[in-house]
Amino acid sequence: MDYMEGGKLFRRSSNWKMNKGKIFKLAKGFRGRAKNCIRIARERVEKALQYSYRDRHNKKRDMRSLWIERINSGTRLHGVNYGKFMHGLMKENIQLNRKVLSELSMHEPYSFKALVDVSRTSFPGNRPVKKEGLAAIL
Amino acid sequence: MASRRCLLRLLSSRLVPQRSQPLAPVSIATRTLTSLSEPLGPPAPRALPSPRLYYPSRCHFATRSSGDEDDDEYEEEHYDEEGSEGEWGDEDEEVAAKKPSGKTEEEKVAEAAEIGYKVLGPLGADEKPFKPYEPVFAVVQIGSHQFKVSNGDSIFTERLKFCDVNDKLVLNRVLMLGSQTQTVIGRPILPDAAVHAVVEEHALDAKVIIFKKKRRKNYRRTKGHRQELTKLRITNIEGIDKPETAAVAA
């Protein structure tokens, strides 16, 4: 592995030392010997990088499903389910995306109710609006 | 080291800020360093911004150098690597000129800015566009990303090509407005609404390492990537009645 050239000793693995530092830096917080011992750390770091590559793509899917969950729960409070709500919005040519809709359902309840009403008039919901008190009897 | 041309650097170096470079991620750091180190010979035709630039004092630039900032308010500031729209101008032949790419004239630049749903306003000089918080929100779309913004928010978008630090922008693709008393829903956009913003910095995202490996096949590839971002600060939302000012006026 090591060889002599011009009176100096060259380690073939001279990059190994630099690389070790980078690997340990990426291995911070790992469990057990994976953060201390290079042989184990190298494997674990490679796996971690592979997972991060895969999960950068998965994160987009996960976030979208999270938004859909939130929109669903927000609309069901008003008696409309997610599918009919989105269909009503598409019919009205409202191009808000799911990220923004989930934020509105969390932080702007009145505006979100306005959107649900718009969608309900455009496409009838699956449950009529609950009438309370005297209106329910009438 | 992140290559950023922010307001502080403008103040310190007193150079005419160079327009955004063509997007070659490998050489951006070197290019900006060399370009900023040598003062531009012929002065730009427009007036230099006065040294007393107003900049918000709470910009924490030091935080950008940390490694993991991927999930910085993901809901509000969506800056992941979605495909950036639009044309790639030629290499910047005229460095001292106002616009970066030689082939596009000012009208074409304005048109291209329309595609990105922003309009360049004049540079802010000696004015304080930052107002106190108002309880009004707008949903604005830039490129393919939508943001729910309010007065005083800062958002990270894909690198906006034809604007520079401390420029005023008008984001005219507004999808929804809301206040304490009104909600205005556009189908799909509201033609009379506008959101004013100021470009705060052009920055690079934190580095992500793209690592591909096939096991037992002797295949391993490593690549680093830093996405180019623009940080905008929202200053004003127009197109909806703001209840507080109406009450004050009345």
Side-chain angles (χ1 to χ4, degrees), chain A residues 15 19 22-23 25-29 42-64 66-67 70-71 88-119 121-122, chain B residues 67-68 70-71 73-78 80-82 117 135-150 153 155 173-190 205-215 219-225 227 240:
Chain A
N15 284 336
N19 210 9
K22 284 183 191 169
I23 299 245
K25 193 166 144 204
L26 291 170
K28 282 198 191 293
R42 191 184 295 276
E43 296 173 12
R44 291 286 102 211
V45 162
E46 285 190 357
K47 209 52 181 290
L49 291 171
Q50 286 177 272
Y51 285 147
S52 72
Y53 176 81
R54 177 200 69 187
D55 290 332
R56 279 194 291 273
H57 299 272
N58 284 356
K59 183 158 82 169
K60 302 162 179 46
R61 309 175 205 164
D62 295 340
M63 293 303 291
R64 183 167 163 130
L66 176 69
W67 298 330
R70 288 181 173 168
I71 297 170
L89 289 190
M90 294 306 141
K91 280 181 87 168
E92 289 279 323
N93 196 15
I94 295 174
Q95 289 180 4
L96 296 165
N97 64 0
R98 283 148 186 86
K99 172 178 100 171
V100 156
L101 284 172
S102 73
E103 289 183 23
L104 292 174
S105 79
M106 285 196 294
H107 299 125
E108 310 281 343
Y110 294 111
S111 302
F112 192 67
K113 179 154 199 315
L115 279 171
V116 171
D117 292 337
V118 161
S119 166
T121 55
S122 152
Chain B
D68 42 349
D70 274 343
D71 299 340
E73 283 198 84
Y74 186 89
E75 290 180 1
E76 286 252 343
E77 305 153 348
H78 180 86
D80 268 342
E81 49 269 346
E82 294 298 332
Y117 311 114
V136 175
F137 76 88
V139 175
V140 78
Q141 180 169 353
I142 298 178
S144 66
H145 306 294
Q146 298 177 4
F147 305 95
K148 172 186 162 288
V149 293
S150 178
D153 286 354
I155 55 176
R173 192 167 166 105
V174 176
L175 301 170
M176 187 168 164
L177 291 170
S179 76
Q180 286 174 334
T181 51
Q182 277 186 346
T183 305
V184 188
I185 304 174
R187 291 166 170 74
I189 63 170
L190 294 164
D205 201 359
K207 180 181 279 194
V208 295
I209 299 178
I210 297 154
F211 182 78
K212 302 185 187 179
K213 176 182 168 120
K214 288 195 197 291
R215 57 181 182 179
Y219 169 79
R220 186 166 64 171
R221 298 283 179 270
T222 312
K223 193 171 175 181
H225 177 70
Q227 185 68 12
I240 193 170

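- Proximity to chain A is limited to the side chain of B/Ile185, based on heavy atoms less than 4.5 angstrom apart.
- Judged by distance alone, the side chain of A/Gln95 and the main-chain N or O of B/Pro188 form no donor-acceptor pair under 3.5 Å.
- In this structure, no portion of B/Arg215 lies under 4.5 Å from any heavy atom of chain A.
- Proximity to chain B (any heavy atom under 4.5 Å) is shown, for A/Leu89, by neither the backbone nor the side chain.
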In sequence, state the C-alpha distance, the side-chain angles, and the governing distance for A/Glu46 and B/Arg220, and then conclude on side-chain contact (heavy atoms from CB on, under 4.5 Å). CA-CA 10 Å; A/Glu46 285 190 357; B/Arg220 186 166 64 171; 2.4 Å; yes

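- Rounding to the nearest 0.5 angstrom, the gap separating the OG atom in B/Ser150 from the NE2 atom in A/His107 is 12.0 Å.
- Between B/Lys148 and A/Glu103 there is no salt bridge, since no side-chain N of the basic residue sits under 4.0 Å from a carboxylate O of the acidic one.
- Both the backbone and the side chain of A/Glu92 come within less than 4.5 Å of a heavy atom in chain B.
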Could you give me the CA-CA distance, side-chain angles and deciding distance for B/Met176 and A/Leu104, then say whether side-chain contact (heavy atoms from CB on, under 4.5 Å) is met? CA-CA 11 Å; B/Met176 187 168 164; A/Leu104 292 174; 3.8 Å; yes

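- Minimum heavy-atom separation, B/Phe211 to A/Tyr53: O-CB, 3.9 Å.
- Two residues are said to be in side-chain contact when any heavy atoms from C-beta on lie closer than 4.5 Å; B/Gln180 and A/Tyr110 fail this criterion.
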side-chain contact (heavy atoms from CB on, under 4.5 Å) for B/Arg187 and A/Val118? Distances and angles first, verdict last. CA-CA 11 Å; B/Arg187 291 166 170 74; A/Val118 161; 3.2 Å; yes

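- Proximity of a side-chain donor or acceptor of B/Lys213 to a complementary backbone N or O of A/Gln50 within less than 3.5 Å is not detected.
- Here the NZ atom belonging to B/Lys212 is positioned 15.5 Å from the CZ atom belonging to A/Arg54, to the nearest 0.5 angstrom.
- By number of non-hydrogen pairs under 4.5 angstrom with chain A, the leading residue of B/Leu175, B/Val184, B/Ile189, B/Ile209 is B/Ile209.
- The heavy-atom pair separating B/Val208 from A/Arg56 by the smallest distance is CB-NH1, 3.9 Å.
- Few gaps surround CZ on B/Arg173; more than 12 heavy atoms of other groups in view lie less than 6.0 Å from it.
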